[in-house]
Enquirer: 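I'd like to ask you about the structure that follows.
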Amino acid sequence: MKKMKYVLVTGGVVSGLGKGVTASSIGLLLKECGLRVTSIKIDPYLNKDAGTMSPFEHGEVFVLDDGGEVDLDLGNYERFLDVQLTSDNNITTGKIYQFVLDKERKGDYLGKTVQVVPHITDAIQEWIERVAMIPVDGKEGPADVCVIELGGTIGDIESMPFIEALGQFSCRVGVGNFCLIHVSLVPVLNVVGEQKTKPTQHSVRGLRGLGLTPNILACRSTMALDDNVKEKLSQFCHVSAEHIITLYDVPNIWHIPLLLRDQKAHEAIFKVLNLPSITEEPLLMEWTTRATICDKLHEPVRIAIVGKYTGISDTYLSILKALLHASVARGKKLIVDWVPASDLEDMTEIENLDAYKAAWKLLKSADGVLVPGGFGDRGVQGKILAAKHARENRIPFLGICLGMQIAVIEFARSVLGLKDANSTEFDPNTRNPCVIFMPEGSKTHKGGTMRLGSRRTYFQVSDCKSVKLYGNRGFIDERHRHRYEVNPDMVARLENAGLSFTGKDQTGQRMEIIELPDHPYYIGVQFHPEFKSRPGKPSALFLGLIGAACGQLNDVLQSGLESQEKVNCCPPNMKPNQNGYATKPTNIITDAVYSYCNGVHS
């Protein structure tokens with residue numbers, strides 16, 4: 001049986017250097033060399049998972065197929081490597097301690113004193129070995145290489161048990177099976193314009209003092225490292241100059257794998273891991289083309305994101321990536337206008353007129369409007385006003401999760417005349433509850449109690465934009481994260497007034513997709529399509545939004561239709577549609593990016 005190879009990525013000096021993108025790019029590079037790759041992210045916080053953490057604290061919560069609420073870096077792994085990870089691919093201190101304490105309560109330690117060493121450190125190592133063997137690329141058998149990212153910065157108190165465990169782990173798997181890549185900072189002082197190596201020297205010294213020795217240095221800087229700087233780092237950090245890589249500032253992150261390839265990072269990794277000669281040279285042709293095109297785009301498409309957490313872009317990272325994938329596919333330069341939802345409200349007009357005017361100016365100048373998911377009542381009225389503006393002015397609109405619920409509430413208020421229509425999340429006593437708490441949810445525990453993970457949505461009609469965007473399929477599988485749902489008792493009234501529920505779950509009682517048939521593009525979805533968008537395979541609904549925003553929707557719809565094959569069968573629990581067929585799911589939008597690359601875009 002072949003031995004698993006491990007690549008550990010750590011970070012030093014400061015946080016936010018881009019360890020996640022670096023780890024993802026390393027994985028992609030190794031994959032392009034012909035190896036199968038899996039990934040693990042270690043987060044040293046005590047939370048069991050990211051589900052209950054504020055986006056202001058830790059960025060967005062990324063949701064996996066199995067319902068795992070995980071760190072946003074796992075989204076990077078999935079997008080770069082095109083894999084489907086599990087919740088176990090995200091290790092946290094909370095998970096490890098709970099695992100060990102559960103064993104202690106069962107008596108598995110036979111009366112021993114349970115300690116950080118060896119019990120916690122052993123549990124960490126065993127978790128890594130177990131998860132590394134789980135295939136994530138749809139093929140049978142384990143991967144060849146597992147890329148592990150240790151969150152935080154070397155020296156953080158909370159990461160000490162993981163550092164100790166990984167030091168032991170490097171001995172456990174043996175020389176030639178473990179490669180440590182340390183991401184550090186080489187700042188340039190504006191006063192003298194000199195690249196300073198001292199922060200990295202101290203970071204590596206700290207790492208070595210904790211029992212880990214880096215094999216490769218990945219140095220973040222504003223520009224490529226000078227040769228004399230590399231020599232200095234090599235001398236003081238005991239790393240070969242050929243194993244010192246510069247990750248300098250680039251126009252977009254799709255250049256990072258190209259930087260690593262051009263500096264022969266794959267050859268350095270192969271050497272440390274005692275792998276045979278590279279089976280395939282990592283050409284990265286698709287990534288090169290995509291990165292180059294992204295840099296050269298100049299025709300803008302403006303999308304207003306009306307949300308609660310607009311101050312930090314990481315809170316909507318997957319939405320930003322999905323918009324980027326779609327805009328590049330349509331040959332447009334994405335411009336995102338962040339609109340704080342609360343700034344659109346009447347109270348802001350009274351308290352801060354300048355902020356009110358600025359928010360409405362951004363909204364009215366947008367080519368398309370997106371209202372993302374969220375929790376809590378802050379900014380809800382502003383989101384409702386944004387949905388109303390898009391509906392009445394025929395502006396392309398996409399509402400996701402709460403964004404769909406907002407659209408339903410706005411429609412009930414404005415079209416049905418139900419002025420107090422609301423969600424019971426915001427007004428438990430509303431007389432017209434358009435959105436209600438799901439029966440299976442918990443009102444006492446928040447962590448892991450939502451409707452989570454991949455769920456199936458069945459299309460109800462064959463002639464609607466969403467079904468065409470998904471290639472005329474009979475059903476789709478998308479990821480969910482919500483506690484509230486559209487009230488099924490209100491559906492008939494809403495439909496009679498013109499709101500179409502084009503997608504439902506297998507029971508037909510849970511609303512998944514809404515559309516306004518007579519609107520250029522007005523779609524709301526209960527699920528989160530952004531989590532499955534990939535650079536070469538943009539999300540169908542985001543592609544539709546961008547297409548509608550730049551006048552290319554008909555081309556996008558036609559592309560979706562042409563990419564599917566009708567079959568005479570129907571999925572379980574679904575009646576045949578009016579044409580008597582369901583559709584065979586295949587990959588739908590891969591052609592979009594490459595048609596642009598080949599010069600056949602409109």
Side-chain angles (χ1 to χ4, degrees), residues 65 322 325-326 329-330 396-400 404 454-480 495 498-508 510-534 536-596 600-602:
D65 274 352
H325 301 160
R330 298 315 305 171
F397 172 89
L398 177 60
I400 295 173
M404 167 183 151
S454 182
R455 308 287 176 131
R456 183 155 290 181
T457 294
Y458 294 99
F459 288 107
Q460 305 300 303
V461 294
S462 61
D463 187 22
C464 64
K465 294 182 181 69
S466 56
V467 75
K468 291 176 182 177
L469 286 167
Y470 278 102
N472 226 25
R473 302 183 189 185
F475 60 90
I476 54 172
D477 295 308
E478 294 280 9
R479 299 175 183 178
H480 294 67
E495 285 188 318
L499 187 64
S500 179
F501 291 88
T502 57
K504 301 180 182 180
D505 76 340
Q506 63 182 16
T507 69
R510 186 155 282 158
M511 304 304 113
E512 294 282 5
I513 308 175
I514 65 165
E515 290 188 44
L516 285 178
D518 58 350
H519 191 284
Y521 191 86
Y522 195 94
I523 294 178
V525 292
Q526 188 58 73
F527 48 82
H528 288 265
E530 69 271 23
F531 291 142
K532 294 178 73 171
S533 184
R534 302 286 185 265
K537 294 179 287 187
S539 162
L541 296 172
F542 280 84
L543 199 61
L545 175 65
I546 295 296
C550 61
Q552 299 178 0
L553 181 59
N554 288 336
D555 293 339
V556 175
L557 294 175
Q558 190 61 35
S559 296
L561 288 170
E562 289 175 352
S563 66
Q564 294 297 312
E565 175 187 352
K566 294 181 182 180
V567 292
N568 294 317
C569 63
C570 208
N573 303 315
M574 181 184 178
K575 296 180 180 179
N577 63 22
Q578 62 188 20
N579 294 322
Y581 66 83
T583 53
K584 178 182 178 182
T586 59
N587 192 355
I588 59 164
I589 312 184
T590 310
D591 294 341
V593 166
Y594 304 111
S595 63
Y596 180 82
V600 295
H601 63 288
S602 55

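The first residue in the sequence is number 1, and the count goes up from there. Computed from a prediction, not measured in an experiment: that's the story for all the values here.
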Enquirer: Testing the basics here: between Gly547 and Val556, what is the closest heavy-atom pair and its distance to 0.1 Å?
Expert: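 Minimum heavy-atom separation between Gly547 and Val556: CA-CG2, 4.1 Å.
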Enquirer: In the structure I gave you, are the side-chain heavy atoms of Asp505 and Arg455 within less than 4.5 Å of one another anywhere?
Expert: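 With C-beta onward as the side chain, the pair stays apart.
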Enquirer: Using every non-hydrogen atom in the two residues, find where Ser454 and Asp477 come nearest and quote the distance to one decimal.
Expert: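 For Ser454 and Asp477, the tightest heavy-atom pair comes out as OG-CB, 3.7 Å.
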Enquirer: Can you spot which of Val461, Thr502, Ile476, Ile514 makes a side chain to side chain contact (heavy atoms under 4.5 Å, CB included) with Ser466?
Expert: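 Among Val461, Thr502, Ile476, Ile514, the one meeting side chain to side chain contact (heavy atoms under 4.5 Å, CB included) with Ser466 is Thr502.
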Enquirer: Could you list the residues that satisfy ring pair (Phe, Tyr, Trp, His ring centres under 6.0 Å) with Tyr522, not counting sequence neighbours?
Expert: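 Tyr522: ring pair (Phe, Tyr, Trp, His ring centres under 6.0 Å) contacts with Phe397, His519.
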Enquirer: Applying salt bridge (Lys or Arg N to Asp or Glu O under 4.0 Å), name anything that partners Arg479, two or more places apart in sequence or on another chain.
Expert: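 Per chain and number, Arg479 pairs via salt bridge (Lys or Arg N to Asp or Glu O under 4.0 Å) with Asp65, Glu78.
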Enquirer: Taking side chain as C-beta onward, heavy atoms only, is Leu541 less than 4.5 Å from Phe527?
Expert: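 In short, these two side chains touch, coming nearer than 4.5 Å.
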Enquirer: Give me the atom names and distance for the closest heavy-atom approach of Gly498 to Pro517.
Expert: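 Looking at all heavy atoms of both residues, the shortest contact is O-CD, 3.5 Å.
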Enquirer: Working to the nearest 0.5 angstrom, can you tell me the gap between Ile513 CD1 and Ser500 OG?
Expert: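 Answer rounded to 0.5 Å: 10.0 Å.
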Enquirer: Output the distance between atom CD (Gln526) and atom CE (Met511), rounded to the nearest 0.5 Å.
Expert: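 Answer rounded to 0.5 Å: 10.5 Å.
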Enquirer: I'd like to check the side-chain hydrogen bond (donor to acceptor under 3.5 Å, both in side chains) partners of Ser533; sequence neighbours left out, ordered by chain and number.
Expert: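 Expected list: His325.
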Enquirer: Would you say the side chain of Ile523 lies within less than 4.5 Å of the side chain of Val525, judging by non-hydrogen atoms?
Expert: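 Yes; the side chains approach each other to less than 4.5 Å.
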Enquirer: Sequence neighbours left out, what passes side-chain hydrogen bond (donor to acceptor under 3.5 Å, both in side chains) with Asn554? Give chain and number order.
Expert: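 Not a single residue meets the side-chain hydrogen bond (donor to acceptor under 3.5 Å, both in side chains) criterion with Asn554.
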Enquirer: Over all heavy atoms of both residues, which pair between Pro538 and Ala329 is shortest? Give the atoms and the distance, please.
Expert: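 Smallest heavy-atom distance, with atoms named: CG-CB, 3.9 Å.
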Enquirer: Counting C-beta onward and ignoring hydrogens, is there a side-chain heavy-atom pair between Leu469 and Leu557 closer than 4.5 Å?
Expert: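 In contact.
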Enquirer: Do you know the tightest heavy-atom contact between Phe531 and Arg534?
Expert: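 Scanning both residues completely, I find the closest heavy atoms to be O-NH1, 3.5 Å.
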Enquirer: Check side-chain hydrogen bond (donor to acceptor under 3.5 Å, both in side chains) between Arg510 and all other residues, then give those that pass, not counting sequence neighbours.
Expert: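 Here the qualifying residues are Glu440, Glu485.
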Enquirer: Can you name the closest pair of heavy atoms from Gly508 and Lys504 and give their distance?
Expert: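 Looks like O-CD, 3.5 Å.
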Enquirer: Under 4.5 Å between any side-chain heavy atoms of Leu553 and Lys465, yes or no?
Expert: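 With C-beta onward as the side chain, the pair touches.
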Enquirer: With heavy-atom distances below 4.5 Å as the criterion, would you say the side chains of Phe501 and Gln460 are in contact?
Expert: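 Not touching, per the 4.5 Å side-chain cut-off.
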Enquirer: Regarding Lys468 and Asp463, does a basic nitrogen lie under 4.0 Å from an acidic carboxylate oxygen?
Expert: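 Yes, charged N to carboxylate O under 4.0 Å.
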Enquirer: In chain order, what residues pass the side-chain hydrogen bond (donor to acceptor under 3.5 Å, both in side chains) check against Glu512, with sequence neighbours excluded?
Expert: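 Listed in chain order: Arg451, His480.
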Enquirer: From Gln558 CD over to Gln552 CD, what is the distance, rounded to the nearest 0.5 angstrom?
Expert: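 Going from the CD atom of Gln558 to the CD atom of Gln552 covers 14.0 Å.
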Enquirer: Determine, stepwise, if the pair Lys532 / Glu478 fulfils side-chain contact (heavy atoms from CB on, under 4.5 Å).
Expert: CA-CA 8 Å; Lys532 294 178 73 171; Glu478 294 280 9; 3.5 Å; yes
